[in-house]
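Before any comments, here is the structure.
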Amino acid sequence: MKTYILNPRIQEMRCLKCGQTYPVGDYFYGCPHCLKKGENASLTFVYEGSRQFLSDEKGLNRYSQFLPYKNTPYLGEGNTPVLSLNDLAKDLQLGGLYTKNEFQNPTASQKDRMNPFIVARAVSAGFSTITCASSGNEAASLAAYAAAQGLRCVNVSSKDITKTWRNASDACGAEMILTETSADRLSYQKAHMDEGWYCATNLLDIPTSSSPFGIQGYKTISYELYEEFGDKLPDCIMIPTCRGDLLYGIYEGFKDLMDEGYLTSLPRLAAAEPIPRLELILDGRNRHQDKFPGDSSQTPSIGGSTATYQSELALRDSGGFAVSSPGEDMREAVKATV
């Protein structure tokens with residue numbers, strides 16, 4: 001089995017909320033200190049020394065000094081195109097409007113930036129089975145990267161998973177466990193953790209995040225956007241948001257660029273969600289530990305009734321905001337971009 005090399009620049013891991021530091025490891029339930037207090041918060045990595053892009057490398061390896069592993073399984077992920085939506089920008093009276101087409105990753109989603117690092121970590125930590133709880137796209141992506149590495153993959157989803165995503169998972173040889181509800185997915189995985197399963201996704205009902213190793217992969221979107229626009233980045237970047245793994249990863253990527261002198265300020269980040277969650281948190285009407293009512297069944301990949309502290313942090317620190325829109329409106333908006 002291939003050997004993956006941990007970035008020697010990593011000093012430790014740190015809680016996003018309380019600041020407690022820990023040795024590099026796998027904290028499947030987030031920050032232990034916060035958990036004891038009845039709060040859920042995720043961890044990130046502390047790197048030492050200056051970092052830079054590697055001009056002689058391709059793909060995500062170009063940014064390896066900023067990432068937890070110097071090498072990962074590779075299926076062609078990253079370097080997705082930025083497209084200009086000129087007609088829609090004109091209709092909305094905007095100076096410019098762009099989309100970064102993450103559909104052109106190997107399994108058609110941004111999850112392909114996360115799973116190379118999750119698989120590299122699982123292998124390095126000695127696991128032979130990897131698992132996730134997913135509404136679809138994470139299951140398909142994890143199955144592909146696990147298959148590329150020769151790991152057993154067990155995807156746990158609820159029975160309403162679409163046929164397309166189930167077929168994609170099956171095609172890569174993953175086992176699919178179907179539960180009655182989303183909450184049952186977490187219970188099933190917890191019951192098997194003592195069997196040596198590496199869990200790629202959150203295990204708590206009030207979530208923390210997916211694997212911190214994987215979230216680091218989302219930083220590469222920020223680096224690619226910088227290389228596309230330079231210091232003339234769009235004023236606002238809108239990100240589809242469920243538990244905020246993508247949102248937080250992009251935020252941390254831009255923070256890296258500021259720390260290394262590539263940028264002097266953060267672009268404003270905006271979370272697009274199907275029901276008011278972060279909207280209410282930012283307004284002070286709810287906490288991120290609360291459950292939020294509403295129907296997100298038409299947009300299951302960003303659905304659910306909970307939000308995370310990592311999302312709140314990314315929005316507040318970037319001067320951003322959250323906006324919710326019903327599933328019907330989102331579908332119409334997608335048509336408008338064609």
Side-chain angles (χ1 to χ4, degrees), residues 53-55 57-63 66 75-114 137 141 215 217-242 244-258 260-274 278 298-299 301-302 311 314-315 317-338:
F53 299 161
L54 303 178
S55 58
E57 293 285 350
K58 296 181 179 180
L60 303 192
N61 284 341
R62 179 175 177 79
Y63 313 114
F66 295 83
L75 296 179
E77 62 281 347
N79 197 30
T80 55
V82 172
L83 306 177
S84 182
L85 304 176
N86 294 324
D87 292 341
L88 187 56
K90 184 177 180 179
D91 291 343
L92 297 174
Q93 299 182 336
L94 298 174
L97 181 63
Y98 309 89
T99 181
K100 189 158 177 61
N101 192 355
E102 291 294 286
F103 292 111
Q104 290 191 223
N105 281 307
T107 73
S109 86
Q110 79 280 356
K111 302 289 187 179
D112 295 340
R113 295 180 185 268
M114 180 171 76
N137 57 358
S141 179
I215 291 174
Y218 286 142
K219 299 194 300 183
T220 60
I221 293 178
S222 306
Y223 308 152
E224 290 178 13
L225 287 173
Y226 172 78
E227 296 207 277
E228 179 83 24
F229 291 100
D231 58 3
K232 300 185 184 303
L233 281 162
D235 297 327
C236 180
I237 297 176
M238 184 160 282
I239 302 159
T241 301
C242 179
D245 293 341
L246 178 62
L247 171 62
Y248 182 79
I250 290 174
Y251 159 77
E252 191 166 299
F254 284 127
K255 288 280 285 184
D256 286 347
L257 294 173
M258 286 186 61
E260 300 303 326
Y262 290 96
L263 295 175
T264 57
S265 62
L266 291 172
R268 196 178 186 197
L269 303 182
E273 50 185 2
L278 291 165
Q298 294 193 56
T299 51
S301 290
I302 56 171
S311 300
L315 296 179
D317 200 41
S318 69
F321 60 96
V323 59
S324 61
S325 181
E328 307 83 23
D329 291 350
M330 289 189 183
R331 293 180 185 279
E332 290 302 314
V334 169
K335 294 177 184 178
T337 66
V338 178

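Quantities reported herein were computed from a predicted structural model and do not represent experimental measurements.
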When you measure from the side chain of [X] to the backbone N and O of [Y], does any donor-acceptor pair fall under 3.5 Å?
X: E273; Y: T241; result: no
X: T220; Y: Y218; result: no
X: S318; Y: L269; result: yes
X: S141; Y: T107; result: no

Contacts of N105 meeting side-chain contact (heavy atoms from CB on, under 4.5 Å) (sequence neighbours excluded), chain-then-number -> E77, T80, E102, D112, R113

Residues passing the side-chain contact (heavy atoms from CB on, under 4.5 Å) test with N101, sequence neighbours excluded, are P81, L83, F103, Q104

Practice item. Inspect the contact between E227 and R62 and indicate whether a charged nitrogen and a carboxylate oxygen are less than 4.0 angstrom apart. Key: yes

Exercise. Walk me through it: do L225 and K100 pass the test side chain to side chain contact (heavy atoms under 4.5 Å, CB included)?
Key: CA-CA 8 Å; L225 287 173; K100 189 158 177 61; 3.7 Å; yes

d(L257 CG, E252 CD) to nearest 0.5 Å is 11.0 Å

(Q) Please determine whether side chain to side chain contact (heavy atoms under 4.5 Å, CB included) holds for the pair M238 and V323, giving the CA-CA distance in whole Å, both sets of side-chain angles, and the decisive distance to 0.1 Å. (A) CA-CA 9 Å; M238 184 160 282; V323 59; 3.8 Å; yes

Just checking [X] against [Y], ring centres under 6.0 Å apart?
X: F66; Y: F53; answer: yes
X: Y251; Y: Y248; answer: yes
X: Y98; Y: F229; answer: yes

query: Could you walk me through whether Y223 and D256 pass the side-chain hydrogen bond (donor to acceptor under 3.5 Å, both in side chains) check?
result: CA-CA 9 Å; Y223 308 152; D256 286 347; 2.6 Å; yes

Working note: L54 + Y63, criterion side chain to side chain contact (heavy atoms under 4.5 Å, CB included); need CA distance, chi angles, decisive distance, verdict. CA-CA 6 Å; L54 303 178; Y63 313 114; over 6 Å; no

